[in-house]
Amino acid sequence: APSDSARLVCEITENMADRLTQLQDAVNSLADQFCNAIGVLQQCAPPASFSNIQTAINKDQPANPTEEYAQLFAALIARTAKDVDVLIDSLPSEESTAALQAASLRQLEEENHEAAARLEDVVYRGDMLLEKIQSALADIAQSQLRTRNGAPSQPSPAES
């Protein structure tokens with residue numbers, strides 16, 4: 001059915017678009033982390049001395065947390081870079097041609113039709129079993145009514 005193929009192509013396209021959006025968000029996050037890391041490290045960096053110029057450092061200043069910040073930003077950047085790699089790997093490759101995608105769609109449609117046929121069979125068997133159960137319950141109810149009314153139990157036409 002062409003509508004099934006068109007719907008599947010739309011789902012694949014939307015899925016790829018979602019991955020591209022996630023990739024764009026991850027790259028933007030990585031850029032933010034780089035900018036923040038550079039800004040914080042510049043702000044916390046100890047003053048450097050140049051030749052012939054002495055800089056007075058106040059020894060009462062608190063310890064510089066530059067190393068902690070460096071480790072924090074390194075971990076954030078490394079994790080985000082891994083996320084970017086995973087998203088890139090999940091995108092379709094260049095070898096994924098229209099012919100390969102069409103063959104994949106045909107395969108998926110065939111599997112879908114086979115599953116639908118199995119489902120119809122299971123539903124049919126379930127309906128048959130339900131009818132048998134309902135018939136048995138009706139027989140039980142009739143037997144209980146006859147027993148309560150004191151009438152001798154007679155086999156129903158289905159039992160004989």
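Every heavy atom of this structure was used, including side-chain atoms; hydrogens, water molecules and symmetry mates were not.
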Tell me, do [X] and [Y] make a side-chain contact under 4.5 Å, heavy atoms counted?
| X | Y | answer |
| --- | --- | --- |
| R118 | V122 | no |
| M128 | Y124 | yes |
| L72 | E68 | no |

**Message:** So that I can tick it off, tell me whether R79 and D83 are bridged by a salt bridge, with the cut-off set at under 4.0 angstrom between side-chain N and carboxylate O.
**Reply:** no
Distance-only, no hydrogens or angles: does the [X] side chain make a donor-acceptor pair with backbone N or O of [Y] under 3.5 Å?
| X | Y | value |
| --- | --- | --- |
| S143 | D139 | yes |
| N112 | L108 | no |
| S135 | E131 | no |

How far does [atom1] of [X] sit from [atom2] of [Y], to the nearest 0.5 angstrom?
| X | Y | atom1 | atom2 | result |
| --- | --- | --- | --- | --- |
| Q134 | L129 | CD | CG | 10.0 Å |
| L23 | N28 | CG | CG | 9.5 Å |
| H113 | E111 | NE2 | CD | 11.5 Å |
| I38 | F73 | CD1 | CZ | 10.0 Å |
| E109 | L105 | CD | CG | 6.5 Å |

**Fill in**
Correct closest heavy-atom pair for A26 and T80 would be O-CG2, 3.5 Å
**Crowding at OH, Y69 (>12 non-hydrogen neighbours, <6.0 Å)** = no
**Request:** Flag yes if more than 12 heavy atoms outside Q43 fall under 6.0 Å of its CD atom; otherwise flag no.
**Result:** no
**Fill in**
Of L87, I88, V86, the one forming a side chain to side chain contact (heavy atoms under 4.5 Å, CB included) with V84 is I88
